[in-house]
Number of protein chains: 2
Amino acid sequence: MTVPTPSLPAHDNPTVVRLFEAAADAFADKGFHATTTRDIASRAGLSPAGVYVHFASKEDLLFQLSRVGHEGARDALAAAAAEANSPTEALSEVISTFAQWHAEQYQVARIVQYEFRHLSPDHQREVLTLRREIDGVVEGIITEGVASGEFCVEDTRVTALAALSLVVDVARWYHPGVRRTPEDIGADYGRLVLRLVGAS
Amino acid sequence: MTVPTPSLPAHDNPTVVRLFEAAADAFADKGFHATTTRDIASRAGLSPAGVYVHFASKEDLLFQLSRVGHEGARDALAAAAAEANSPTEALSEVISTFAQWHAEQYQVARIVQYEFRHLSPDHQREVLTLRREIDGVVEGIITEGVASGEFCVEDTRVTALAALSLVVDVARWYHPGVRRTPEDIGADYGRLVLRLVGAS
DNA sequence: GTCTATAAATCGATAGAC
DNA sequence: GTCTATCGATTTATAGAC
């Protein structure tokens, strides 16, 4: 049994946690470049210089948010896939879980999906590795379902990308106050994706 | 017969056209706030001050791009819908056309979909009106298809949003050099969306 | 209508006291 | 580890010559 990777750098430090939440709010709300380090610091109750005691730069904050966000999504996905007894159940559960995560964590999801290009090239590569793990889970389930005869698709990659598009776009339009709850959205997309793969 | 609204302010002025294209490239590539007016001006072959002869501000450039982009998408959609003889044909054609547009015009599409929040409140309202026209076309077709018995959906609004998510997300992942052509993508999504509405 | 030059404000990040 | 103060670079936008 290995010790799980800490989800945050120094996640037991309350000031670091506050900075993390402040940056997540600000980046999701205004975007990376429209957010100032002063903005983040004041939301966290610190002076402008306080940020740099805990993070090397504004880009470092974005990177840590992206990394932790991806890891959280990947873990939620893997847990959902592990419990399933068939490709149909697995796909429905994984998409449902992922869609719900995109709604509940819509700030982090937005940063993960839409602020990616503002990471340094090295950090882009690292985050891309995590993203490919996630994409691979969905594509793998569809491949299994086609092999077992449960699914009927023209192109596995095209269908996997379409399924992920449904989910990712939740981060664009979701905000607290929309009609549906995150649970509703997850359930809706769990059903819709079974139509996409010809399983219902 | 009314004269069509010019798609560009002073669209017959070659300098304005060059500025427009330079801004579209830059905003799509780096985002609104990461793009400098110097960057736009130099891409258009002008001095930093040259921008302000033709546009009031950087935000004005973003607004004009968003407005013209939305109008182009809406017109392409309306033309596709007008030619169809059934809800099934209409939905397939509209989604196919819209997806193809998002790939071919992926720079403008990206600006339209992801830089919206950087518009002024007044300009957000104006662009939102255009966007609701587009959403209404898709939702209207699905409503017709349900009424005629061609489609079978649980919730019309949820399904319309899902169909649009497929299309909108093209602007996030598409770039020249991906495996499929814009025509391929349009054809793929025209078929996939018929599955979403239970028509195939 | 385009230029050079620059104003005026703001940014990310650092220095050094405590 | 947090602060005040500020550096140095960069930004949007304007002034005024041509």
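All values below come from the heavy atoms of this structure, side chains included, with hydrogens, waters and symmetry mates left out. Each chain gets a letter, A, B and so on, in the order its sequence line appears, and its residues count up from 1.
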Revision key, fill the gap. Picking from C:dT2, C:dA15, D:dA13, the nucleotide nearest the side-chain atoms of B:Leu46 would be C:dT2
**Study point:** Integer-rounded Å distance: C:dG1 P and B:Leu19 CG
**Key:** 12 Å
**Study point:** B:Glu154: salt bridge (Lys or Arg N to Asp or Glu O under 4.0 Å) partners, not counting sequence neighbours
**Key:** A:Arg191
Review point. Under 4.0 Å between a side-chain N/O of B:His54 and OP1 or OP2 of C:dT2, yes or no?
Key: yes
Check your understanding: Which part of the nucleic acid, if any, lies within reach of B:Thr36 when heavy atoms closer than 4.0 Å are counted: base, sugar-phosphate only, or nothing?
Key -> sugar-phosphate
Check your understanding: Considering the options B:Leu61, B:Thr37, B:Ile40, which one meets the side-chain contact (heavy atoms from CB on, under 4.5 Å) requirement together with B:Phe55?
Key -> B:Leu61
Practice item. Measure the distance from CG on A:Asp60 to P on C:dA13 and round it to the nearest whole Å. Key: 10 Å
Check your understanding: Given D:dA13, is OP1 or OP2 found less than 4.0 Å from the side-chain N or O atoms of B:Thr37?
Key -> no
Point to revise | Proximal nucleotide (of D:dA13, D:dT2, C:dA5) relative to the B:Lys58 side chain | key: D:dA13
Check your understanding: What nucleotide, of C:dG1, C:dT4, C:dA13, holds the atom closest to the side chain of B:Val53?
Key -> C:dG1
Study note, to complete from the structure: Among the nucleotides C:dG1, D:dC3, C:dC11, whichever has the atom closest to the side chain of B:Asn13 is C:dG1
Exercise for review: With the side chain of A:Ser47 defined as its heavy atoms from C-beta on, choose the nearest nucleotide among D:dC3, C:dC3, C:dG12.
Suggested key: D:dC3
Check your understanding: Transitive ILVMFWY cluster of B:Leu130 at side-chain heavy atoms under 4.5 Å: who else is in it?
Key -> none
Check your understanding: Roughly how many Å is it from CZ in A:Phe55 to P in C:dT14, rounded to a whole number?
Key -> 15 Å
Review point. Can you find a side chain N or O atom of A:Thr15 that sits less than 4.0 Å from OP1 or OP2 on D:dT2?
Key: yes
Point to revise | Whole angstrom value for the distance that separates P of D:dA13 from CG of B:Leu62 | key: 12 Å
Practice item. Could you tell me which residues satisfy ring pair (Phe, Tyr, Trp, His ring centres under 6.0 Å) with B:Tyr189, sequence neighbours excluded, listed by chain and number? Key: none
Point to revise | B:Arg117: salt bridge (Lys or Arg N to Asp or Glu O under 4.0 Å) partners, not counting sequence neighbours | key: A:Glu115
**Study point:** Axis bend over the full length of the helix from C:dG1-D:dC18 to C:dC18-D:dG1, computed from five pairs that close each end, to 10 degrees
**Key:** 10°
Exercise for review: Any chance you could pull the hydrophobic cluster mates of B:Val168, using side-chain heavy atoms under 4.5 angstrom and chaining through other members?
Suggested key: A:Tyr114, A:Val168, B:Tyr114
Point to revise | Separation of atom CZ in A:Arg38 from atom C1' in D:dC7, rounded to whole Å | key: 11 Å
Point to revise | Selected nucleotide, minimal atom distance to B:Tyr52 side chain, candidates C:dG12, D:dT14, C:dA15 | key: D:dT14
Point to revise | Hphob cluster co-occupancy, B:Val170 + B:Phe116, side-chain heavy atoms under 4.5 angstrom | key: no
Review point. What integer distance in Å separates B:Lys30:NZ from D:dT10:P?
Key: 13 Å
